[in-house]
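Each remark here refers to the structure printed beneath this line.
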Amino acid sequence: MPELPEVETTLRGIAPYLQGQTVTGFIVRNPRLRYPVAPELAALVTGATVGALHRRGKYLLLDFNTGHLLIHLGMSGSLRLVLAATPPGNHDHIDLLLASGQALRYTDPRRFGLWLWHEGDPAQHSLIRHLGPEPLGDDFTPQGLWQRSRGKRVAVKSFIMDSQVVVGVGNIYANEALYLAGIHPQRAAGRISLQRYSALHDAIRGVLTSAIAQGGTTLRDFVGGDGKPGYFSQSLSVYGRGGEPCLGCGSKLREVRLGQRTTVYCPQCQR
DNA sequence: ATGCGGACCTGTTAGC
DNA sequence: TGCTAACAGGTCCGCA
């Protein structure tokens, strides 16, 4: 469910309810996530106060006065604020209880997400350290994309989905950005000009920015931190439209599998 | 080093 | 209608 815009939407939704709150308890109903939730996590966060919230790629970072909580929503995770007394559902694995009487509730059917405690500089965490630039930040540039791609034969779609190249470009937005930039997803990354990378760079920024503005893409059951659904799914040009006509030229959109991910493109508009 | 496929899980959908 | 297989928003790891 979550790509970068969903994570950003979640962050913005939950931050006002968390900042300054003291944690009064920590309930783990199922610790079996991508990495097992540490048994000592409850003792570490209980009594601590939440400071700022950050996002790095698709990782959420909650600052405490005593350390940092690193959260990833994986493929199917979501965070919501509920009244602590709200009965948990099947896949509500974690509650972070707050002095306000609310709980930050983590739901994740597939359990690909993670909750890790980290003391010290979060930027040095092994899962964070090697991440590429933020797509909406100043370090993400056409020149950087172009340079890093020289000599690479990987498909450009796989290239931009590589978190060491740029973070936060998941399957949906990779498809959308390549369509907007007019680049064939299977083209070798190393055989694309700087000028075309410039178009791709702008397309990635554009699609992520407008998705965030619309509250993310609603897919199945996604809801943001405040419980409102996103509307970006109505704006998708190619993702989920295989076999349907291209919005630009009317050609039938082609659907292939690339690196085990569904890839949709217009054979006419994307070269 | 690069690049690919498998792995982790469960729920939903497509197809027979 | 019912069963089974394929597929789904991510990303780490190990092998060639």
Side-chain angles (χ1 to χ4, degrees), chain A residues 1-11 29-37 55-60 70-79 89-94 106-116 125-132 135 147-177 185-191 207-208 211-212 214-225 229-236 238-243 255-264:
Chain A
M1 125 189 355
E3 290 216 29
L4 186 142
E6 285 71 31
V7 178
E8 181 66 26
T9 300
T10 296
L11 171 66
R29 300 186 191 83
N30 186 348
R32 304 192 51 190
L33 304 184
R34 189 165 115 207
Y35 306 107
V37 179
R55 178 187 58 73
R56 178 72 177 97
K58 294 173 193 167
Y59 291 91
L60 284 169
L70 190 62
I71 299 175
H72 196 290
L73 303 178
M75 200 92 132
S76 58
S78 61
L79 288 167
N90 245 349
H91 303 293
D92 293 343
H93 306 311
I94 299 176
Y106 177 68
T107 308
D108 188 0
R110 291 177 75 179
R111 292 191 274 118
F112 286 172
L114 61 84
W115 282 58
L116 297 175
H125 191 280
S126 57
L127 293 174
I128 304 283
R129 200 172 11 172
H130 302 292
L131 294 179
Q147 260 166 20
R148 215 161 176 330
S149 64
R150 291 309 88 186
K152 301 229 183 206
R153 281 176 293 189
V154 278
V156 62
K157 178 164 179 260
S158 304
F159 180 69
I160 59 170
M161 289 179 71
D162 180 346
S163 64
Q164 300 204 27
V165 172
V166 56
V167 296
V169 182
N171 195 38
I172 296 178
Y173 300 112
N175 279 300
E176 294 298 311
Q186 289 173 308
R187 176 170 289 276
R191 297 191 54 240
V207 75
L208 291 177
I212 290 169
Q214 293 173 63
T217 301
T218 300
L219 284 159
R220 303 199 170 92
D221 56 351
F222 179 78
V223 285
Y231 291 97
F232 193 70
S233 56
Q234 296 165 20
S235 312
L236 297 174
V238 287
Y239 184 83
R241 297 194 60 243
E255 188 166 308
V256 297
R257 277 189 87 73
L258 203 164
Q260 288 128 276
R261 311 306 293 274
T262 295
T263 302
V264 190

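Letters A, B, ... mirror the listed sequences (proteins, then strands); counts begin at 1.
- Residue L127(A) has its side chain nearest to dC12(C) when only dG10(C), dC9(B), dC12(C) are considered.
- One can find a donor-acceptor pair under 3.5 Å joining the base of dG6(B) and the side-chain atoms of Q260(A).
- A donor-acceptor pair under 3.5 Å is formed between the side chain of E176(A) and the backbone N or O of Y239(A).
- A 4.5 Å side-chain heavy-atom check between L116(A) and H72(A) finds every atom pair outside the cut-off.
- Note on F159(A): nothing from the nucleic acid sits closer than 4.0 angstrom, heavy atoms only.
- In this structure, R56(A) contributes its side chain and L131(A) its backbone to a donor-acceptor pair below 3.5 Å.
- With centres under 5.5 Å and a plane angle under 30°, the ring of F112(A) is stacked against the base of dC8(B).
- Two residues, H91(A) and G259(A), neighbour DNA chain B, and the one matched to the more 5' nucleotide by heavy-atom proximity is G259(A).
- Side chain of E3(A) to backbone of V169(A): no donor-acceptor contact under 3.5 angstrom is found.
- Comparing dC9(B), dC12(C), dG3(B) against the side chain of S163(A) picks out dC12(C) as the nearest.
- Comparing dC13(C), dG10(C), dG3(B) by their closest approach to the side chain of R153(A) singles out dG3(B).
- Side-chain N/O atoms of R110(A) include none lying less than 4.0 angstrom from OP1 or OP2 on dG10(C).
- Comparing dC13(C), dT11(C), dT10(B) against the side chain of K58(A) picks out dT11(C) as the nearest.
- Residue H93(A) contributes atom NE2, which lies 17 Å from atom P of dC8(B) at whole-angstrom precision.
- Listed candidates were dT10(B), dT11(C), dC13(C). Nearest to the side chain of R261(A) is dT11(C).
- Residue R257(A) places its side chain closer to dC7(C) than to any other of dC7(C), dG11(B), dG10(C).
- If you check distances only, the side chain of R111(A) never reaches the base of dC9(B) with a donor-acceptor pair under 3.5 Å.
- Listed candidates were dT11(C), dG3(B), dC13(C). Nearest to the side chain of K152(A) is dG3(B).
- Taking the side chain as every heavy atom from C-beta outward, L73(A) and D108(A) never approach each other to under 4.5 Å.
- Comparing dG14(C) with dC9(B), their P atoms are spaced 16 Å from each other, to the whole Å.
- In the set dC12(C), dG10(C), dG3(B), dG10(C) carries the atom at the smallest distance from any side-chain atom of H72(A).
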